[in-house]
Structures are given as structure tokens and as C-alpha cells.
Amino acid sequence: MKEKIQENLVKILDNLYGKELRIDELSVTLQENSDKNHGDLASNIALILAKPLKTNPQIIANTIKDAFINDEDLIKVEVAGPGFINFFLSTKTHNEVLKQIFKEKDSYGKSEPNNQTVLIEYVSSNPTGPLHVGHGRGAVFGSVLANLLREAGFKVDEEYYINDFGRQMNILAASLWLRYAQLFNNEINMIKNGYQGEYLISIADSLKQIQSDKFYSSQEEVSILIDPEKDEDEAFTDKIVEAIHSMLGEDFFFLRNFALEEILKIIKKDLLDFGVNHNYWFSESSLYEPDGSVKSKVDKSIEELSSLGFVYEKEDAVWFRSSDFGDDKDRVLKRSNGEHTYFASDVAYHSDKYDRGYDRVINIWGSDHHGYTPRVNAAMEASNRDIKKLEVVYIQFANLIRAGEKVTMSTRSGEFITLKELMDEVTTEAARFFYINRKADQHLDFDLDLAKEQSKDNPLYYIQYAHARICSVLKKSNTMIKDLIDSDLSLLDLEKEVEIQKILKQYPSVVERAAKSSEPHLICYYLKDLAGLFHSYYNSEKFIVEDEKLMNSRLFLLNGIKQVLLNGLLVLGINAPDEM
RNA sequence: GCCCCGUUAGCUCAGUCGGAUAGAGCGCUGGAUUCCUAAUCCAGAGGCCAUAGGUUCAAAUCCUGUACGGGGCACCA
């Protein structure tokens, strides 16, 4: 119907003013009205035309209005306010959506496949410990965005980038050895800059079970090296790590890989429990392995930039001319000690993402990374890759609130709340919903007490309750939905019923907009609105009534609401229970 | 100093391509249960959309300045 009116407007415009005025070149809108007094649809066309035509908008509006031909589904055309044209549609036009939902079921809201591929990289926390609550927001955001883009017709891959290379991994290996050694000699101290978390103790425990004392002999002098006086110093940490390394030789790498694999197991399990499914796990180390010939991907990337003339040496380090591409300053690829920087990995990694042929590459990063984007963009631009394909979404930090107070955490001492603990405390679903319920660029206060509450104060329960209530009514009515398809839907003419149908009709465009602008929270707000309309309807009308025709039409409406609530919750990765 | 994000009701926050009288929940005040789940609903009070300019027929929305808050500016990852 909307399309029909739009066509009509174009036609009328052509007749009235000739072809010079092209409706599609002007910012003319035909939009759904929120205020029912203004009809179902409104156009600002007369306001836009007022200037080029040098005519009062109200006069233009009335001229257009008079040119509209009669249509049984168009009840009334009206000029209002400064010159809006309002269109009032028949109730029949509102019923169409219910049949559509019934027909499309789980697919209602999905767009046709568009043959485009997207890679979303997210979470990618360092594999040096379990995920904590700080990672939760990005995890949910990424997985919901992936769902949304699938709804919008994209083929989506989800990837976790494992930072399993460099200094931190060596500190991890050393930390594991110290925990392991403590099992044989309780006088051995842990280094302050090592990984203090309890998880390493249990990993050390399983290491001992598998390998017994293979990596420990009692005459170790290494532990004596740990001097509590100097222990705060990072350089001192490296010395200890190096000492453990040379003592263990090749075994050091065994310990490193053992720790890495055990921790990845924990991370993978936590993500899975959280409803997050990465289909690729990309290892940073793999970028340093010779690829086919003799060169690693990192070396090849640097050579590529070098051959294009964007690399130079200064003070024994290798630099990339990122400032040629808008970055604040040039960046180091290879340090004077011969080691590559994290940035060097990232150049190779992003090049690899491009080379895999995706149409879009999305990174979901913490907002503290925003200063990092220009140099990555610079590297892609320098190597003639289209930077429009690369999108970065920044996620602001989340605070946990308990009893009205901010929960303080310190990563250093290992005193952080893990994602698993959060799931155990408030349930996975509540955690997902509360993380996604805010715009990504908005700071988030995660109220633990509210997430646990089972009442209308908790928006997730409010939505799920609406779904359960509908299921309960449908069950009690003893009706099969497929028998309702021929119901007389024109009976759904109450104000609330019309409003609900209009909202149901908006669902596909809400999904589309949420996907397009990377704003999953829009789904939450939509579902809250829809649930609210239903609860209000529920309280004002009875559905299981004597009049069978009326009952059937209302049940058919309820079925539509139920389906959309279900579809929306599925996008969020949240269950829609039949009873509560 | 430079860069990013924010500032909307007492609190926590929505607000689409700039559209008509600014939205929700909580909290506050007052109501609704013989009835399909009261885990719900209805009504009321509550606003200088941080601030000063600009663009426009029209600005919470776009542009510029200012103030306040959060974050970032490594040969760390």
C-alpha cells in the first residue's frame, strides 16, 4: 500500500509540474506516523516543494490531495499542520501483516540473501586467562550483530584472533612453571608481574598429573633469583622469564603451549555457554610461520609495503610511513631488538582478512583502541586495499553495579569477576540481554540486582512473560493456529489491535536498520514496546470468548505477536519460554 | 596539547532520513484481581533536550565554539 501511494505521488507530481521536479532527487519522505491522529502515513512533499515552486506549502498539499484518486484501501487524505499530507488506510490493509507472519514464520524479518560475505572479528581477548566481565559486552555484541547481518541477507563468519605470540606468552609459560614448581616446593614465590589467577594453579595441577616431575628438579636455583625487592620491575620480570626459559630449554615451549591450550579450552567453553559461536580461531603465531615458500605472512606484508616505498629504517628499527595516510606519526613494524611489534602482526592479519575475499570486514574493539585504527587503515590503504570494506565498531566499557555501588576490579591481582561467574549469578540470558540493551558507544551500568529480579522491573522478564502468556492463552483455547488462517480479520478494528498490527509490520525494517547501523539494542527496545502493547491489550480485552469468529481473529493476532517476539529474541540469542 | 565517545524527567536510558504536542522503565501519588499467568494493567505529577551561535519552512537530531564527564595518545599487547 505504501508503494502504491508513493507511485501515485510520483505520477501526480509529473502531471502537475512536469518532469523537471524529480521526487527521488528531493528529500521527500513517506513515513509511518507515531501519532494516530495524523493517519497511518505522512508525506512532507509539499514542504519540500514549497521552495522550488515558491508557493505556500499548504496550497501545494491541497492540490496534490485533490489529485489523489479514490481507492478502497485509502480511506482519507488530509492536509495538516504546516503542509503535511496524511493518509488514512483501511483496516484491511493492516491485516495483511498477520497473514504474512503466519506464512513466513521464523523467516519473518529476514531479507533475501544478497550474496555478500562479512567477517566479524570479536572478543579476541589475550589467551592468558579466562574471559572476564569486561569481555562480555563485546562478545554479545558480536554474536548479535552476526545474527542481525544474517537476517539482513549476508553470509557471516565469526572469528576470534588469538594473541598467542610474543612476550605475554612467555610470561604465561614462566608463570605456569612457577605454579608447577610450587607443587614440589612451597617456598617458591610467584612473580608479581606474572599471571596470578587461580586457573593457573589448576592447570599446573593437571600438568603435574600428566608429566609428574619431568620439569622440576630439586636443585633449581631459579627460584632464588626472585628477589621481592626488585620484583615490581618489568625488566626484572623478563630476566626471570629468560632464566626459566634457558633452564627448561625446549620444554619451555611445551609449557607455553600447554598453558595456551588449557586456557583456550576454558575460553571456548565459556563462550559456547554464553551463546557465542566463533567458526574460526585465527592464531597470531601462524602469521610468523613460513608459508609455503620460506617467508611468513608478516615478512611478506612488510615486504609488500616496502616495495611500495612506505618502509624505512631509523635507529635500528623498521618503520612504516603511516603518517602519509593520515596517522599522527609513523609506526614501528620491527623493533631495534629484532622483534616484530603487535602492529606488524595486525598488518599481516588484516591483509589476510582482505585476501580471503570478504566484502566487508568488521572489527569489534574496545573503545580504548580507537587511536589504533588510523595506522591499520593506513597500512591497508598503502597496500591498495579498499578501506571502505573495513569497519570498526567501538564498544564502551561496562561497569558492574551491585547494591547501587560500582564493583571494583583489578586485573593485575587477578581480582576480576569472570564471565562464568556472571553467568552463574544472573543467568546467561539476562547477561546477554543487559549487555546488548544499550547503544555500543554508550557507557553501560550493568545492574546485577536488576538482572536477577523476576518482575516487570526487569525488561527481559517482561518480554519473555508476554510470550509465555500468549502460549498459555493459545493452549487454553484448544485451537490449532492453522485453522485460524481464514478468520475474519476485519473484526480486529480496536485501536489497540490496529496499533499492534502496525508495530508488527515494522519489525523487518527494524531488523534491517539495526543491521545496517550496527545497533542491536534497537531490537531490545522494539521487543519491549511490542510486549508492552500486548500486556495492555491482554488487560483490556478477553481473547477466549463466546463469539467464535471474534475469538479466532484475536487468536490469530496473538499468534503474530508471539512469532515476532520469538524471532526477535532468537536474534538476541535468547530463549522464548512457553511458560514461566 | 591532540584524538574518540557522551551530556535528554529525581534515577537508568530510548529517540529512525531533520518533521507536527519530547518517549519508556524505575521512583513518587492514586486506582484495577468473580475473568485467558497481577511476573500484568490504568491514571496523574515530573523537561531551558549541558551551553552559546549558525544552517533550515522545520533542529534533541546537521555545523562551529564553550563547559562538564569517560577513554585514548609506546620500539606494550
Side-chain angles (χ1 to χ4, degrees), chain A residues 27-29 31-35 37-38 42 44 46-48 50-51 56-57 80-84 86 126 128 163 165-169 234 284 314-319 328-329 331-343 345-346 366-374 394 396-397 399 401 404 437-445 447 450 453-459 461-462 464-466 468-477 506 509-510 513-514 516-517 519 521-522 524-525 528-529 531-532 534-545 551 554-555 558 579-580:
Chain A
S27 47
V28 169
T29 58
Q31 62 190 18
E32 275 104 39
N33 278 323
S34 46
D35 186 339
N37 295 323
H38 296 145
N44 64 349
L47 294 163
I48 301 290
K51 199 168 191 188
N56 183 318
F84 288 100
N86 293 332
N126 287 337
T128 52
N163 299 128
F165 190 81
R167 178 170 175 260
Q168 295 304 323
M169 294 311 295
E234 297 271 342
E284 183 185 4
K314 191 179 89 183
E315 292 161 7
D316 296 328
V318 177
W319 295 72
D328 295 340
K329 53 181 182 181
R331 305 291 173 177
V332 172
L333 290 164
K334 199 172 184 178
R335 292 186 264 160
S336 51
N337 66 6
E339 285 175 19
H340 289 93
T341 58
Y342 180 80
F343 174 56
S345 303
D346 246 359
S367 61
D368 55 337
H369 278 66
H370 92 268
Y372 190 74
T373 308
Y394 301 103
Q396 289 286 345
F397 295 115
N399 292 317
I401 308 290
N437 188 30
R438 290 275 177 272
K439 256 183 359 197
D441 55 14
Q442 189 74 248
H443 290 273
L444 168 69
D445 284 335
D447 188 330
L450 181 58
E453 200 162 311
Q454 308 206 350
S455 75
K456 65 181 175 181
D457 298 357
N458 181 336
Y461 277 87
Y462 186 78
Q464 290 183 318
Y465 181 47
R469 258 186 160 175
I470 294 174
C471 290
S472 166
V473 173
L474 293 177
K475 194 174 162 196
K476 192 148 280 181
S477 72
Q506 286 171 15
S509 64
V510 172
R513 199 170 68 235
K516 200 172 166 185
S517 57
E519 296 183 320
H521 73 282
L522 293 175
C524 299
Y525 282 88
K528 272 187 266 183
D529 283 349
F534 163 73
H535 286 307
S536 169
Y537 183 39
Y538 181 96
N539 273 271
S540 66
E541 306 303 326
K542 211 159 150 33
F543 310 129
I544 299 174
V545 288
M551 175 174 91
R554 287 184 173 172
L555 292 179
L558 291 196
E579 51 185 44
M580 292 172 74

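As the structure is a prediction and not an experimental result, all values here were calculated from the model. Each chain gets a letter, A, B and so on, in the order its sequence line appears, and its residues count up from 1.
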Practice item. For each nucleotide in nucleotides 68-77 of chain B, reading 5' to 3', give B when a protein heavy atom comes within less than 4.0 Å of its base, S when such contact involves only the sugar-phosphate, and - otherwise. Key: --SBS-SBSB
Check your understanding: With respect to the side chain of A/Ser536, which nucleotide from B/rU37, B/rC41, B/rA20 is positioned closest?
Key -> B/rC41
Check your understanding: In whole Å, what separates the C1' atom of B/rC5 from that of B/rA50?
Key -> 16 Å
Check your understanding: Taking only N and O in the side chain of A/Arg469, is any of them less than 4.0 Å away from OP1 or OP2 of B/rA38?
Key -> yes
Practice item. Look at the side-chain N and O atoms of A/Lys439 and state whether any lies under 4.0 Å from the OP1 or OP2 oxygen of B/rG15. Key: yes
**Study point:** A/Tyr342 and A/Tyr372 aromatic ring geometry - parallel, tilted or perpendicular at 30°/60° bounds
**Key:** tilted
Check your understanding: According to the 5.5 Å centroid and 30° plane-angle thresholds, does A/Tyr394 stack upon the nucleobase of B/rC5?
Key -> no
Point to revise | Protein proximity profile, nucleotides 54-59 of chain B - base contact B, sugar-phosphate-only contact S, no contact -, cut-off 4.0 Å on heavy atoms | key: ---B--
Practice item. Identify, with sequence neighbours excluded, every residue that meets salt bridge (charged side-chain N to carboxylate O under 4.0 Å, His left out) alongside A/Arg513. Key: none
Could you go through nucleotides 28-31 of chain B and list every protein N or O atom that sits under 3.5 Å from one of its N or O atoms, giving the distance for each pair?
none

**Study point:** Contacts of A/Arg469 that satisfy salt bridge (charged side-chain N to carboxylate O under 4.0 Å, His left out) - sequence neighbours left out
**Key:** none
**Study point:** Pairing residues for A/Arg167 by the salt bridge (charged side-chain N to carboxylate O under 4.0 Å, His left out) criterion, not counting sequence neighbours
**Key:** A/Glu234, A/Asp238
Revision key, fill the gap. Applying ring pair (Phe, Tyr, Trp, His ring centres under 6.0 Å) to A/Tyr465 and not counting sequence neighbours gives A/His535
Practice item. Only counting residues at least two apart or in another chain, list the ones meeting side-chain contact (heavy atoms from CB on, under 4.5 Å) with A/Gln31. Key: A/Thr29
Check your understanding: Counting only side-chain N and O atoms of A/Gln442, is one of them less than 4.0 Å from OP1 or OP2 of B/rA14?
Key -> yes
**Study point:** Residue whose closest nucleotide on RNA chain B lies nearer the 5' end, A/Lys476 versus A/Leu522
**Key:** A/Leu522
What protein N or O atoms touch nucleotides 33-35 of chain B N or O atoms at under 3.5 angstrom, if any, and at what distances?
residue : atom : partner  : partner atom : Å
B/rC35  : O2'  : A/Lys542 : NZ           : 3.0

Review point. Got a sec, which residues hit side chain to side chain donor-acceptor pair (under 3.5 Å) with A/Ser477, two or more places apart in sequence or on another chain?
Key: A/Thr479
Check your understanding: Taking both distances under 3.5 Å as the test for a Watson-Crick or G-U pair, what stems of at least three pairs does RNA chain B have?
Key -> B:1-7 with B:67-73, B:10-13 with B:23-26, B:28-32 with B:40-44, B:50-54 with B:62-66
**Study point:** Residues which pass side chain to side chain donor-acceptor pair (under 3.5 Å) with A/Lys528, listed by chain and number, not counting sequence neighbours
**Key:** A/Asn437
